[in-house]
Structures are given as C-alpha cells and as structure tokens.
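Notes follow once the structure below has been shown.
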Amino acid sequence: MPRLADRIVALVVLGLGAVTAVAAPDPASVTRQYATLAQAMYEDALVTARTLRAAVGALADDPSAATLRAARAAWIAARAPYQQTEGFRFGNPVVDAWEGRVNAWPLDEGLIDYVAPGRAGSADANPYHVANVIAHPTLRLGGRTVDAATISPALLRDTLHELDGVEANVATGYHAIEFLLWGQDLHGTGPGAGERPYTDFDTSACTNGNCARRVAYLIAASDLLVGDLEEMVAAWAPGGEARRVVVDDAYAGVTAILRGLGSLSYGELAGERIKLGLMLHDPEEEHDCFSDNTHNAHYHDQLGIVGLYLGRYVRVDGSLVEGPGLSDLVAARDPTLDAEIRRAMSATLDRMQVMKGLADRREMSYDQMIGEGNEVGNTVVREVVDALVAQARLLERAMAPLGISSLAFEGSDSLDSPSAVFK
Amino acid sequence: MSIEGRIVRVVAVALTAAAATVAHSAEPAAVAERVRVEHVLPGYRGLATAVDGLQGAITGACTTPPGVDAHAVRDAFDTAMDAWQSVQHLRHGPVADADRHARLQFWPDPRGRTGQHLSRLLREGRAADLEPAALRGASVAVQGFGAVEWLLEDGVGLATPPFSASAVSRCDVAAAVVRELATIAHALVEGWERPAEPGEGEARVAALVGDLATAFQLIEVSKLDAVAGAVGSRPRPRLAESWRSGRGLRNVAVNLRALRALHDLLAASVGRADPVVEAQFDRAQREVRSRGDSLVELVGAPGGQNRVRALASTIADLGQLAVTGLARGLGTGVGFNALDGD
C-alpha cells in the first residue's frame, strides 16, 4: 500500500521535533523545490488519470460488473495524487483559474444525467438543475436552442460547464466522472454509495435510456481530464507559467506556499468542505458524495499539506521527491514555531486517520459520520475541523518569521473564527 | 471556480508593521468593557426582547383563525430581524459556542438547503424532533431566522395544515424554532453580563476589530456582489439575504448603523474620531437608504447590477478605512480577523 508508506514518511519527518536553529536555506531553493513537487504531483495525477481513461474505454467496449468495478477503482486511485495537489490551488492564480475545470464541486448532477425525483440539487438558484443533457439531443438554454446531438469535449467544456454562470453546473472534471461511474448515492446518511448498474453503459441492453450518449459523455469527460492535467504538468515544468511565477520572485513564491496551505486548511477544508456539511448533517455536502470516497479525499489533502510544508512527496511508484521546504525556512528563524507547526500537522493527520480508519474498516462511511444524532461520527469529524483550524492559526504565525507583512487566507462563512477570549 | 465567483469570507490577516507603531491611548480592558456595556449587551438584550415578541406573535397567529394575525407576525419578524442584524457582526464570545451564530441564522445558503431541509422536516418530522435537544442537534438550515422566514414567506403560509395526521405543522415548527432563538438570545445576554477577566482586554479588542472587518467583507462579498452577479452575467436575486421577505437592503442599513456604533466606540476610546471615516459612513448610509428595502427589486431594475456593485464598492472602501484606522489607533497587533486573536 503506497498510502501507508506516505503516512510513515510523513510521521517520521514530522516526529523529528528537535528544536534547534539550522542554517537557513535559500528561499529560492525552497520555491524551486515547491515547483518540482508540483510537477511530480501533477504528473502522478496525469498518469493515474490516463489509467482511468483506459479503464473507461474498457467499460465502454465491454460493459460488465467487472469493467465498471475496474473503472471505479481507477477513479479512486486517480484521486489520491490529485487531492495531494490541492495545496497549490489557493496560492497560485494559474492553478486557481484552472481548478474549476477538474475539481468543481458541489454539482447539480441533474444537468448531466437522470436523477431521482426530488433529489435534484439547488433548484432555487439554478434553472438547469435537471437539464439532463444525456437524455436531450437538443437543449433549451436561456431562450436559445443548443444542438447537443454530439456529446463532445467542446460541448461539455464550452457550453455546459458553469452554464448560466452557476457554479453548480459542473459538466467536467473528477466529480462529473464520479457521478457517471457511481450514480446518485440515495442512501442518505445510511450505509452505501451510488449504485449505478453497468447496464447504464450497455448499448445492447441499456438501462435508464440513452446508453450511447452516456458512454460518449463519460469518454469526453475523461479525455478532458487528461488534457487538463497535461496542461497543469506543463505549467509546472521548466519554462512553465506557474513555475515561473514562484521561482522568479522567491518572496512571492514563499507567500504563495503559505497562502495555499493556510487557505486549504482553513476556509476550504475545515470550513466549506467539512464544517458546513457537519452543521447541515447533509450527505449532499460530502465532497466525494457519489463514491463515498470523502474520507480519502480529506486525508490526501492533509497528506499533501504536510508534504508541501516539508518539501517532500512520495510518488505513486513509491519513489521519494525530497528537498528544502517551507519548514526549513521557518525553522531557521523560529525553530519552536516550526516544531509546533509540525506537531499540529501530525495531530491533524492522526485525526484524519481516525476518520479514514472508520470508513476503511467499513464501520462508518463519511456521510454517516456527519449524520444527525451520530455523536461518535460527529465528534470524529469535529476534531478534524478543530485540528485544521489550529494548524491554520500556526501557519498564520509563520508570516512574521518569513517576513511576510500581509496575507489573506481564504475564509468560510461556516467558521466563526472564534478567538480564545472566553476560554 | 474563480476567486471572485466564490462566496466566501476572505479573511485578511495582521499588518504587523502598522500595528507596532502606535502607542496605546486607552487600556484595552477599559475599551473592551465600554463596548461590552454600551454595545454588546444592549444589542443582545434587544435581540432577546424582540425574539420574545416574535414568539408571542407566532403563538397568537397559530391560535386564532388563519390570516388574522399575518401582519402582526410579519411586523414582529421584522423587529426581530432588525435586532439580529444589529448584532450579526459579533462572532466572538458566547455566540461562538455550540455553533450558535449559525443556529441563529444559517446564511449564505446558495444551494437552498433551508427549503430542502424544512420540507423534509414537514414531511417526515414528528413532535419529538422539535424537542429542544433534538432541534439543537438538527441541521442548522431548519433553525434560526432563515427557517422562520421560509415558514412565513414561502408563499404557503403558516396556517397550512400538516402533511399528515402524525406530521408536525408549520406552526409547530415555527414555534419550536423561535423558542430556540429565544433560548440562545437569553443565553447570550447572560454570557455577556460577566465583565471581562483581567488580562482579557487585548484579546477582546482584537476580536472586536476582527469581527468588524469580517462584517464589512460579508456585506461587500456575500450580501451585495454575489447578488449583482459576475460582470456580463445575469443578477442572482435568490442569493440575496432575506430575499423571501424583501429586506436585503434593510438588513444592510441596519448593519451599517451597528457597525458605525461599534467603530465609533472603539475610535473614541483612543481619541481617534476620524472625519474621513465618518464622512464615508455618511455616504454609505445615504446610498443604502436611497435604494429602499428590497435588494431583489434593486438588482432586477434597469442598471440595478451596477448600482449594487457601486454600493458594494462604497462599503468595501469604508471597511478598509475604518478597520485600518482602528488597527493602527488601537495598536492591538491585530489586523483583520479574530483568527489571530491568540
């Protein structure tokens, strides 16, 4: 299990809590290593996405329970490296502008395919929440007629994605593919994920109609994912735009690293993806809601945060990419703070592991954990939120030793950012 | 998803350099105490009184023939909502415990969870689900002012008979939700009656400045810009706060009054009444007042999107001026959010 290896490496390194000032690495070497990590991580995301594309092709050629199972397994495998890259998103405009194409969430999946009655998402704000392009070769969109006879990457990307400026109109990326492979999870906060039958892709014994169009959609979305990841690998390769931004100006690069880690920890992960769903007890707020893979999504986010802080990444093939990290810069100026950050990150990973363990052992899936009245599950998830917030606060304190005078972390309406006033 | 498109609170962080330069003009503990007595406590007392009034009005409307007290309920709702909008900016202290802020009002709600979750409660809920402990542990979308508004204003009416003989009625749900609002409001009053412990002053002042900054950002980003929609796109009236009751701009007007009161108290404590900030408050308040109560109407009118954007930018400028001035004047070492309070 490569994931276990990741964890051991992370813990071993985080556990080296010796509080001694060390020679400061050159900030430029830290941002170069950051770009090297990005390239390696996106390359792994790309390699596993190509495997997914091949598995989707096999499903299309020969729909069966086995080929659907293999495609689902390939999707889950592809998520592991991708989620580890999420620490790049908020600090780097090149990534942030691109991210919506590959990982937009949550989605009104009724735009894409059939959904259960009454389970169609945000009807209030989205007139296209049940447009169902797979069932409709022509669509009426805002007073005009769109020819959707051919389901092509261009139709998905240029016409349907973020249709009408509504972010819930997600037509591309991991979650669109996830919906096609699993279907809606109609188990609420009970056990069970989506249960789409393989015959939904079987043009000779088609269930739920429009199987050829469904297959075409799945292939188009998978092709787009591969193409988008190729673009991001190139952006971080030598000469690429994303690399250039952080390497040319080391101060901007260091700020980007810190901002990315803090924003992912705080507003995005602790707030929008976890706390909000916990307060609503709503499985629709689960990040990988069709596949019930959310425990892994969150865990790999944190694993990526740890790796980016330390400057190391365990590749899908098990090899290690290693170099100077933000941790070294902080340690050279404030070794106590660096030790505190590493301890906090380790504590978050531990709490994530408790959450992941419950799901991996099939004792409780993530949507069950956030269910109303599930005290054990709620507590496990709440502790993850608290750990992420604590980690973000410490990262914020790294501004001063890093010489960063002003920085904004992404926030969330779900976090009241309480201070310690009344403790 | 672009950064601009995301409806989130962007939390800005300490301007370390700015903070270190100015001497303290007043003891932080004295500043915090003055704000507690003159701003926070009266605000929460007003909320508790107004929510008690709403509770009475709903009981009245639910025990008299349908329709009789509709106006009385709406008036009581407006009074209570005004009282809430006067303290909505306070996010530290007892309101941060047990998700109380979100349980008083769950918003923004871009995915329409309020309607979805309340509909489910009305379909499947039983009396036991409305007991205090059960309701406290339920989805925040069926609690608080957003839920009350939906029950009053979704077009069906409070007096509609229940879904089935064993299901809860709208009146039952409204009464239970308002009962919990009252419990929280009274607990907040109680929680703030205790003066700060010695040594808490600095952290409290920092938290107040952080809350002020967050409130300005919430108005700019979530209450206004999100509703105006992206440039070149249609407006988003359903993202407006209180769109069902048509009081999105009234909320902002009330917010500005409260934020100005808090700002002026903090500024006076350090002898820094800044005429530029005061003029900008005047301008923003005048601009809001001139647009009426309903943001949905404003944004839907010709040129409305630009008017809403202009208002957002006036308030963003105001927030920037007000918060930077305070952070400098108070020398708290804190810039823009309660996150760095410890």
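None of the values given here were measured: they were computed from a predicted structure. Each chain gets a letter, A, B and so on, in the order its sequence line appears, and its residues count up from 1.
The main-chain N or O of A:V115 is never found under 3.5 Å from a side-chain atom of A:Q184 such that the two would form a donor-acceptor pair. B:R126 places a side-chain N or O within donor-acceptor distance of the main-chain N or O of B:E124, the cut-off being under 3.5 Å. B:D109 contributes a side-chain N or O that, together with a main-chain N or O of B:G112, makes up a donor-acceptor pair within less than 3.5 Å.
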Evaluation steps, ring-ring contact (aromatic ring centres under 6.0 Å, His included), between B:H92 and B:W192: CA-CA 11 Å; B:H92 72 283; B:W192 277 95; 5.5 Å; yes
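With a 4.5 Å cut-off on non-hydrogen atoms, B:A230 does not touch chain A at all. Residue A:N378: no heavy atom, backbone or side chain, is found under 4.5 Å from chain B. Proximity to chain B is absent for every atom of A:L278, based on heavy atoms less than 4.5 angstrom apart. With a threshold of 4.5 angstrom between heavy atoms, B:A134 approaches chain A through N, CA, C or O but not through any side-chain atom.
Ranked by heavy-atom pairs under 4.5 Å with chain A, the first of B:A32, B:G229, B:S233, B:G137 is B:G137.
By the 4.0 Å N-to-carboxylate-O rule, A:E285 lies close enough to B:R111 to be salt-bridged with it.
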